[in-house]
Colleague: 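I'd like to ask some things about the structure below.
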Amino acid sequence: MKIFIDSADISEIREAARMGAVDGVTTNPSLVAKTGRKYLDVVKEICELVDGPISAEVLGISYEDILREGREWAAIHKNIVVKVPLIVEGLKAVRTLTNEGIKTNVTLCFSASQAMLAAKAGATYISPFVGRLDDISEDGMALIDQIVTIYRNYHYKTEVLVASVRHPIHVTQAATLGADVCTIPFKVIEQLAKHPLTDLGLAKFLEDAKKIPR
Ligand code: G3P
């Protein structure tokens, strides 16, 4: 499973990349707003830092606006993936962008039927939001299971990109279910590396090492 970092924070992206944990980056308007910087500037800097798919989201919601913004994003770097909301106008734009050879990430997916339409439109990635489903007492990972199964049944090429990840269990479940990609906030990437027995074991080794004659 590929790991993307779900962040617009350059220092977080740099740190995760140093761990070898970053195959790509996903951004969204909420993440970029937190930086206080212009969306274009942030994405250009990320493109210099990470050599992998970089998702940049359109802000328009009409077919024409999504298409125009998508083409503009795609023109800035070869690794750009245009992030498009899962609405009817978005699906139409994904079809056109796909025909033009532009990669897309269809975002805000909350159902298997939406995911099927994104695949038919030719999306490169589908982003089901597992955490937000869990938040309303639905089972986010059950949706991943459904989408992975449907895509396998019909050999859809669209990659399943698990988004809205909140904790390490989401990540291991995504990998177990055969998701193609998991986009993970920096805090959760750090949590993935941690285990209390590792810390305890290391403390004991360091203590015992003092007893070794030099
Ligand atoms: O990038 C989209 C997604 O990962 C958002 O996550 O935590 O805002 O639901 P969250």
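As the structure lists them, so they are numbered: ligands from 1, and atoms in each ligand from 1. No hydrogens, no waters, no symmetry mates; every other heavy atom, side chains included, goes into these values.
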Colleague: Atoms of ligand 1 less than 4.0 Å from Ala163 heavy atoms?
Modeller: 4 (O)
Colleague: I'd like to know if the side chain of Glu12 pairs up with that of Ser7 as donor and acceptor (distance under 3.5 Å, no hydrogens or angles considered).
Modeller: yes
Colleague: Which ligand 1 atoms, with their elements, are less than 4.0 angstrom from a heavy-atom of Arg166?
Modeller: 7 (O), 9 (O), 10 (P)
Colleague: May I ask whether Trp73 and Val32 are part of the same hydrophobic cluster, defined by side-chain heavy atoms of I, L, V, M, F, W, Y residues being less than 4.5 angstrom apart, directly or through others?
Modeller: yes
Colleague: Within ligand 1, which atoms have a heavy atom of Arg132 less than 4.0 Å away?
Modeller: 5 (C), 8 (O), 9 (O), 10 (P)
Colleague: Ser113: which residues meet the side chain to side chain contact (heavy atoms under 4.5 Å, CB included) condition with it, sequence neighbours left out?
Modeller: Ser111
Colleague: Only one of Val42, Leu49, Ile54 clears side-chain contact (heavy atoms from CB on, under 4.5 Å) with Ile13; which?
Modeller: Leu49
Colleague: Hey, which atoms in ligand 1 end up nearer than 4.0 Å to a heavy atom of Asn28?
Modeller: 1 (O), 2 (C), 5 (C)
Colleague: Could you pull out all residues at least two apart from Leu91 that satisfy side chain to side chain contact (heavy atoms under 4.5 Å, CB included)?
Modeller: Leu86, Leu117, Ala118, Ala121
Colleague: Could you find the nearest protein heavy atom to atom 4 (O) of ligand 1 and give me its residue, atom name and distance?
Modeller: Asp6 OD2, 2.5 Å
Colleague: Could you check atom 6 (O) of ligand 1 against the protein and tell me its nearest heavy-atom contact, residue, atom and distance included?
Modeller: Ser164 CA, 3.3 Å
Colleague: As an exercise, identify every atom of ligand 1 less than 4.0 angstrom from a heavy atom of Lys83.
Modeller: 1 (O), 2 (C)
Colleague: Can you tell me if Tyr125 and Thr26 form a side-chain donor-acceptor pair at under 3.5 Å?
Modeller: no
